[in-house]
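The shown structure was predicted, so the numbers you read here are calculated from the model rather than taken from an experiment. Residues take their numbers from the sequence shown, with the count starting at 1.
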Amino acid sequence: MLDKVKGFYWDLKQETPILRCVFGVTLALVLSTTLGYLVPHITAIFTLMFLEPNQKPLGLKKEIGIVLGLSIMGYFGVLVGTYLIDYPLVLLPLLALIIYWSFRLIKIPEPVRLLFLILAVLIPFISLKANLLGSVVLSALLLNLIIALGVIRVAFFIFPVTTKEEIQQEKKKPTPYKNINLNKLAFNGLLVAFPIVFVFYLYNATVAVLTLVFAILLSFNPFIYQSKKGTALIIANILGGLAGILAYNILVIAPSYVLYIFLILSVAFYFVIHLYSGKKTAPIFKISFNTFFVVMGVISTSTNEAGDTIWERLVQIGLAIFYVIIAFRVLNTLNNPKLLNE
């Protein structure tokens with residue numbers, strides 16, 4: 001009996017990274033939803049960025065630096081949304097430059113570049129509805145980020161980095177985008193991401209904020225079409241969307257706060273276990289998990305027509321996936337960023 005208990009304990013200890021990620025994402029989502037502020041599900045997306053495989057605790061200095069840096073960038077977005085929103089011939093080229101350099105500056109950690117891009121695109125976009133909304137959304141996003149960083153700190157405190165993780169993190173990591181022409185890579189990324197932003201701005205689709213965030217996250221993987229990733233991505237995102245719809249229908253039948261937490265935990269375990277599986281398709285489940293957040297975000301902010309709205313968002317997400325896969329396949333063929341001679 002004692003041997004079984006010891007075996008269970010050691011098996012559980014080996015799964016510390018999974019438990020940390022599930023705990024962190026669930027706590028972030030439940031806490032932000034309970035507080036009831038604007039776009040709470042982005043908190044879970046932020047948390048997942050820093051709790052995916054091979055991530056270290058950020059440390060207080062980095063946390064403060066991220067908040068301060070993104071505050072400055074966010075207020076830059078507010079200024080753009082306030083003074084340039086009525087001048088599309090100035091605003092759109094500026095957004096194009098931001099998108100280009102977000103792809104180009106690979107020395108900056110990807111989560112930071114993603115956060116900057118989301119803020120730079122999202123705040124002027126929200127300002128289309130009303131200038132004052134830009135400041136409101138920035139405050140909400142910074143609160144999302146602060147809560148996410150706090151949750152991440154708690155998650156690493158309760159589930160500290162294991163020896164196995166330290167060994168994996170100390171191994172020499174391959175250079176990101178090795179033998180890649182970064183100018184071509186960034187240009188292709190611009191040609192894929194900018195039309196998405198342009199369409200949202202053109203149609204003033206402010207009701208689909210979370211869909212825009214998802215599309216930006218999706219377009220940040222320029223080789224998403226390779227091997228079987230494309231097909232697996234579509235299937236995984238359908239799965240994430242169906243999980244959100246299932247959770248919605250269960251909560252309609254039996255609305256309960258405890259049941260809501262249980263559903264989030266169940267879904268989180270499914271996606272995080274696959275995310276930490278080490279398989280080639282593992283990163284796809286991160287995007288699929290983000291699909292679940294988008295759907296749940298739609299549920300929490302919709303009215304009686306939430307069911308119809310969810311299906312609309314799933315169609316939008318499906319179109320975004322299809323577009324990004326096809327666009328990167330075509331562009332990387334015509335303007336191949338790989339340095340074949342090296």
Worksheet item: Can you check side-chain contact (heavy atoms from CB on, under 4.5 Å) on Leu141 and Asn144, steps first, answer last?
Response: CA-CA 5 Å; Leu141 288 176; Asn144 277 315; 4.0 Å; yes
Worksheet item: Taking only residues two or more places apart in sequence, or in another chain, which ones meet Leu263 in a side chain to side chain contact (heavy atoms under 4.5 Å, CB included)?
Response: Ala247, Ile250, Leu251, Leu259
Fill in: Those residues that, when tested against Ser277, pass side chain to side chain contact (heavy atoms under 4.5 Å, CB included) (two or more places apart)
Lys279, Ala282
Worksheet item: Hey, is NZ on Lys184 packed in by over 12 heavy atoms from elsewhere, all under 6.0 Å?
Response: yes
Discussion item. Does anything in residues 139-159 form a salt bridge (charged side-chain N to carboxylate O under 4.0 Å, His left out)? List the pairs, not counting sequence neighbours.
Written reply: Glu63-Arg153
Worksheet item: Got a sec: does the OH of Tyr323 have more than 12 other heavy atoms crowding it under 6.0 Å?
Response: yes
Fill in: side chain to side chain donor-acceptor pair (under 3.5 Å) partners for Asn183, two or more places apart
Tyr100, Arg104
Worksheet item: Is the backbone of Phe271 close enough, under 3.5 Å, to the side chain of Tyr276 for a donor and an acceptor to pair up by distance?
Response: no
Fill in: Any donor-acceptor pair under 3.5 Å from Asn188 side chain to Asn335 backbone
yes
Worksheet item: Looking at side-chain heavy atoms only, is the closest gap between Leu92 and Phe198 below 4.5 Å?
Response: yes
Worksheet, complete the sentence: Taken in chain and number order and not counting sequence neighbours, the residues that satisfy ring-ring contact (aromatic ring centres under 6.0 Å, His included) with Tyr270 are His274
Discussion item. Phe103 vs Leu182, test: side-chain contact (heavy atoms from CB on, under 4.5 Å). Steps then yes/no.
Written reply: CA-CA 8 Å; Phe103 280 92; Leu182 296 179; over 6 Å; no
Worksheet item: Could you give all pairs that pass the side-chain hydrogen bond (donor to acceptor under 3.5 Å, both in side chains) test and reach residues 69-80, with sequence neighbours left out?
Response: none
Response to the item:
Those residues at least two apart in sequence (or on a different chain) that pass ring-ring contact (aromatic ring centres under 6.0 Å, His included) with Phe23 are Phe159
Worksheet item: Under 3.5 Å, is there a donor-acceptor pair between the side chain of Arg20 and the main chain of Pro160?
Response: yes
Item to complete: Go through the steps for Val272 and Leu51 under the test side-chain contact (heavy atoms from CB on, under 4.5 Å), then give the verdict.
Response: CA-CA 10 Å; Val272 173; Leu51 288 180; over 6 Å; no
Worksheet item: What's in the same ILVMFWY side-chain cluster as Leu89, cut-off under 4.5 Å, chained through other members?
Response: none
Practice prompt. Output the rest of the hydrophobic cluster of Leu60: all Ile, Leu, Val, Met, Phe, Trp and Tyr residues reachable through side-chain heavy-atom contacts under 4.5 Å, sorted by chain and number.
Written response: Ile64, Leu68
Worksheet item: Among all residues two or more places apart in sequence or in another chain, which pass the side chain to side chain contact (heavy atoms under 4.5 Å, CB included) test with Thr34?
Response: Val30, Tyr257
Fill in: Minimum heavy-atom distance Leu190-Pro195, with the two atoms named
O-CD, 3.9 Å
